[in-house]
Number of protein chains: 2
Amino acid sequence: MNTRLPDPFKTAIDSLDDFADLISQVLKCPITIEDSNHRLLAYSTHDERTDPARISTIIGRRVPEKVINQLWKEGTIPALLKTKEPIHVKSMDDIGLSHRVAISIWKDEEVLGFIWALEIDKLLNEEDFNLLKKAANTAKNKLLQLQTRKNKKEERFQEFFWKLLTGHIEDREEIMEHFQTMQITPASSFAVLVFQFQKNITDKDEQNISYILKTTQRIQIMLYTIDCNQLILLVSGTNMENPLNEINHFVQTFMSKTMERYGVMDISPAYSGIYDNYQKISKAYKETLAVLSIKEKFPLETKTIHNYTKLGIYQLFDLLLEKRKNETYENPSLKMLEEYDQKHNSNLVETLEIFLTKDNNINDTAKELNVHANTLNYRLKRIAEIGEVDFKDPNQKMLLYLDLKLKKYQGI
Amino acid sequence: MNTRLPDPFKTAIDSLDDFADLISQVLKCPITIEDSNHRLLAYSTHDERTDPARISTIIGRRVPEKVINQLWKEGTIPALLKTKEPIHVKSMDDIGLSHRVAISIWKDEEVLGFIWALEIDKLLNEEDFNLLKKAANTAKNKLLQLQTRKNKKEERFQEFFWKLLTGHIEDREEIMEHFQTMQITPASSFAVLVFQFQKNITDKDEQNISYILKTTQRIQIMLYTIDCNQLILLVSGTNMENPLNEINHFVQTFMSKTMERYGVMDISPAYSGIYDNYQKISKAYKETLAVLSIKEKFPLETKTIHNYTKLGIYQLFDLLLEKRKNETYENPSLKMLEEYDQKHNSNLVETLEIFLTKDNNINDTAKELNVHANTLNYRLKRIAEIGEVDFKDPNQKMLLYLDLKLKKYQGI
DNA sequence: GAACATTTTGTGAAAATCCCCAAAAACATT
DNA sequence: AATGTTTTTGGGGATTTTCACAAAATGTTC
């Protein structure tokens with residue numbers, strides 16, 4: 001501590017709130033203390049002067065997502081995660097943020113939280129900065145205590161969540177009791193959501209993920225855990241109207257944020273249908289795994305599908321693959337078309353596949369194949385002749401589509 | 001034998017051909033002897049005068065199908081199956097048949113065969129008729145011998161066929177050897193064909209069936225057997241070009257003949273795909289059973305389908321039913337639509353089903369539902385909204401179609 | 001029964017699809 | 001090289017489909 005003044009924070013601190021008041025007294029400005037996920041830990045009360053951002057932070061017990069996003073974009077948070085020095089933040093009227101100084105609280109190389117000092121009356125000088133650094137140092141210990149207490153809680157969460165995912169708690173009452181003990185209020189409906197990463201998720205990744213999840217408000221995350229390269233969440237939309245849309249939106253923002261902030265690419269998201277019965281969590285989890293499994297097998301055709309209910313016929317592919325594996329079946333139409341393709345090196349099979357994939361739309365298919373619509377028509381006529389396919393019969397077409405896709409996978 | 005003349009046929013007969021010559025000598029006209037299925041057993045050679053129908057009978061070793069059909073329609077054969085008296089048949093130029101007399105050969109209440117006498121030079125008188133009756137009586141014993149010999153052969157056929165159907169002979173060589181021993185020349189490709197009757201097939205039915213099968217020439221019937229209410233055939237088209245068409249045609253004629261001649265109704269036909277590997281007979285048999293099973297479950301939608309390859313997606317229904325039975329899955333779109341239907345007693349689900357069944361054709365669906373095309377459009381828009389169905393996505397539509405049909409069956 | 005929402009039907013114009021023909025190109029066969 | 005077959009592309013007109021809008025009918029709610 002290379003400073004001329006004695007450390008005014010070297011006193012016993014009872015609660016973190018008292019400590020916030022203490023800093024506030026010393027620096028003569030409103031103080032807010034957050035954890036690393038921008039959850040409110042404590043705030044000074046002696047002072048009534050404040051700004052809208054602080055008010056909503058205190059009311060919501062967390063920094064509004066809008067504000068966090070802005071602070072990321074504008075560079076404040078990235079800076080705080082790099083340096084141990086206090087940082088000036090200029091006022092941003094559009095999000096109700098006035099001038100302030102922030103400092104991060106460090107333990108070794110990890111940020112435990114932040115202290116915010118509002119520059120309502122006066123701007124802080126260098127001496128104040130030194131005081132703030134001392135305050136941060138003292139806050140560290142208090143935060144560490146909270147951390148360990150939280151870690152234990154986390155562990156209990158984890159255990160509970162895995163029991164739910166694997167269907168080890170079947171009784172409805174028991175599930176609800178657990179939720180209560182954990183002080184989680186289960187939403188009326190939920191979905192299981194999995195993000196599959198390219199590589200196994202490291203501790204560092206976990207921190208980043210946790211950070212994003214904790215700062216998300218659009219969606220309620222009741223439980224989450226990590227399994228190798230999968231991040232597994234139990235979520236529910238905050239608004240009842242269209243939960244799937246909310247989840248989808250969250251997935252998009254989650255992916256873009258991990259991408260922008262941490263440069264993590266190629267995450268495969270997958271989520272189950274919406275359920276209201278918490279006994280079906282394990283089923284929902286299986287659904288998401290099914291989605292991921294299919295997405296691995298048919299990456300192109302399921303590129304835009306993340307949701308089990310939107311898998312459509314692909315829901316049944318695992319089953320069908322299994323069946324086809326155990327028999328020597330071959331679709332006669334496909335066989336004939338393939339033989340023709342071979343002999344005349346044409347591409348009737350490909351044409352047929354795209355045509356069926358494009359929902360029998362001539363124009364779309366022709367565009368995809370880069371041929372004239374009339375060419376496509378001619379080919380379809382030939383396909384009907386050679387493959388003995390009746391394009392008016394949905395039963396035949398569906399089986400053809402399925403066999404086509406199954407063969408495609410088996411062929412790989 | 002209430003006749004004035006001594007019986008000229010009470011001599012030892014060596015072969016049936018000699019017997020035919022003997023009758024020919026006595027009656028002074030060409031004689032042909034057939035079994036009950038109009039297969040040629042013997043014919044007189046002393047005489048060169050004959051008609052085209054007899055020539056083709058001798059050459060093909062059976063009466064041409066065309067002629068048999070005509071004799072049925074015109075009433076000759078039905079009459080022969082009723083009376084033991086000789087019957088005059090007037091000439092039918094269009095099928096090359098000149099004047100003749102026919103008599104059936106009886107054993108108790110069963111017809112073993114027929115004797116035909118051509119009236120080339122002279123018309124037979126009453127005395128000739130009496131001689132013919134005596135000849136028929138004598139022929140009986142000879143035919144009985146043939147019968148028993150044939151029955152033993154039949155039994156071996158049966159055993160072999162069942163081994164093939166149940167997959168008990170797997171070795172290719174062995175199968176071919178058996179065919180040779182049975183003096184059957186296996187066609188290059190085959191199909192298994194099953195007719196399922198309403199009731200168990202009686203001995204009487206069996207005779208009728210056998211009669212129809214033996215007199216069929218459009219298709220080669222290599223083996224056949226009867227199992228409770230099923231007639232099982234191993235067939236192949238005589239012409240290579242389009243075997244399925246030939247089988248289909250045979251099925252039609254078989255059913256109309258059993259209907260017209262014996263009044264047997266409501267036969268469900270089913271046949272496998274065309275195979276060229278005789279080791280796959282048991283698979284082909286399973287296919288036909290699958291067709292019958294599906295036809296029982298979905299009689300309306302599979303009314304016109306008899307062929308496994310034409311089952312399309314229905315091929316997979318057994319499997320899917322099994323899967324759905326073991327889980328609590330419910331298609332969310334369907335569920336929502338059903339709920340809406342219930343509440344507003346509308347019929348969106350029915351509309352959707354017919355629309356999908358009619359291959360997404362607005363006009364056909366509207367006609368089927370007896371509504372205006374715009375009404376249908378409006379409903380589809382509502383279905384898309386309420387059921388969150390994307391009509392541009394074939395995957396979703398297919399699953400919807402499947403779940404619709406599966407539910408329909410489960411609901412019954 | 002009035003007010004309102006939902007559903008059905010009709011109309012007509014724009015858009016698309018379908019169908020027939022023919023020319024050109026590509027390919028196969030001899 | 002000559003010939004015939006298959007495939008691709010284009011044009012253009014008949015037909016169908018799609019879509020928006022409006023009126024009428026029906027159903028719901030208070």
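To find a chain, count down the sequence lines: A is the first, B the second, and so on, and within it residues start at 1. Please read all numbers here as calculations on a predicted model, not as lab measurements.
- In this structure, A:N377 places its CG atom 9 Å from C1' of C:dT17, rounding to the nearest Å.
- Atoms CD (A:E385) and P (D:dT6) sit 10 Å apart, rounded to a whole Å.
- A residue-by-residue look at A:N347 and B:N345 shows that A:N347 has its nearest nucleotide of DNA chain D further toward the 5' end.
- Rounding to whole angstrom units, CG of residue B:L376 and P of C:dT7 are separated by 14 Å.
- For the pair A:E322 and B:K323, the salt-bridge criterion is not met [side-chain N within less than 4.0 Å of a carboxylate O].
- Sequence order on DNA chain D of the closest nucleotides to B:K343 and A:I386 puts A:I386 first from the 5' end.
- The nearest whole Å value for the distance from the CD1 atom in B:I383 to the C1' atom in C:dT6 is 15 Å.
- Out of D:dT7, D:dT28, C:dT9, the shortest distance to the side chain of A:R382 is found at D:dT7.
- Rounded to whole Å, atom C1' of D:dT17 lies 14 Å from atom NZ of B:K381.
- At the phosphate of D:dT8, OP1 or OP2 sits under 4.0 Å from a side-chain N or O atom of A:R379.
- The phosphate of D:dT7 (OP1 or OP2) has no side-chain N or O of A:T375 nearer than 4.0 angstrom.
- The side chain of B:N363 lies closest to D:dT17 when the candidates are C:dT9, D:dT17, C:dT7.
- Ranked by how close their nearest DNA chain C nucleotide is to the 5' end, A:I362 and B:H344 are led by B:H344.
- Distances shorter than 4.0 Å separate none of the side-chain N or O atoms of B:H372 from OP1 or OP2 on C:dT8.
- Side-chain to base pairing of A:N374 with D:dG11: one donor and one acceptor N or O lie within less than 3.5 Å of each other.
- Checked for salt-bridge contact, A:K335 and A:E338 miss the test: no charged N lies under 4.0 Å from a carboxylate O.
- Taking the six-membered ring for Trp and thresholds of 30 and 60 degrees, A:F298 and A:F317 have ring planes more than 60 degrees apart, a perpendicular arrangement.
- B:D390 has no carboxylate O lying under 4.0 Å from a charged side-chain N of A:K310, or vice versa, which leaves the two without a salt bridge.
- The side chain of A:Y378 contributes no N or O atom lying less than 4.0 Å from OP1 or OP2 of D:dT8.
- One interatomic measurement links the two molecules: CZ of B:F391 to P of D:dT18, which rounds to 12 Å at whole-angstrom precision.
- Residue A:Y340 places at least one side-chain N or O closer than 4.0 Å to OP1 or OP2 of D:dT7.
- Remark: P of C:dT17 and CZ of A:F355 are 11 Å apart, rounded to the nearest angstrom.
- Electrostatic pairing of A:D403 and A:R324 counts as a salt bridge here, judged by a charged N lying under 4.0 Å from a carboxylate O.
- What separates CG of B:D341 from P of C:dT6 is a distance of 16 Å, to the nearest Å.
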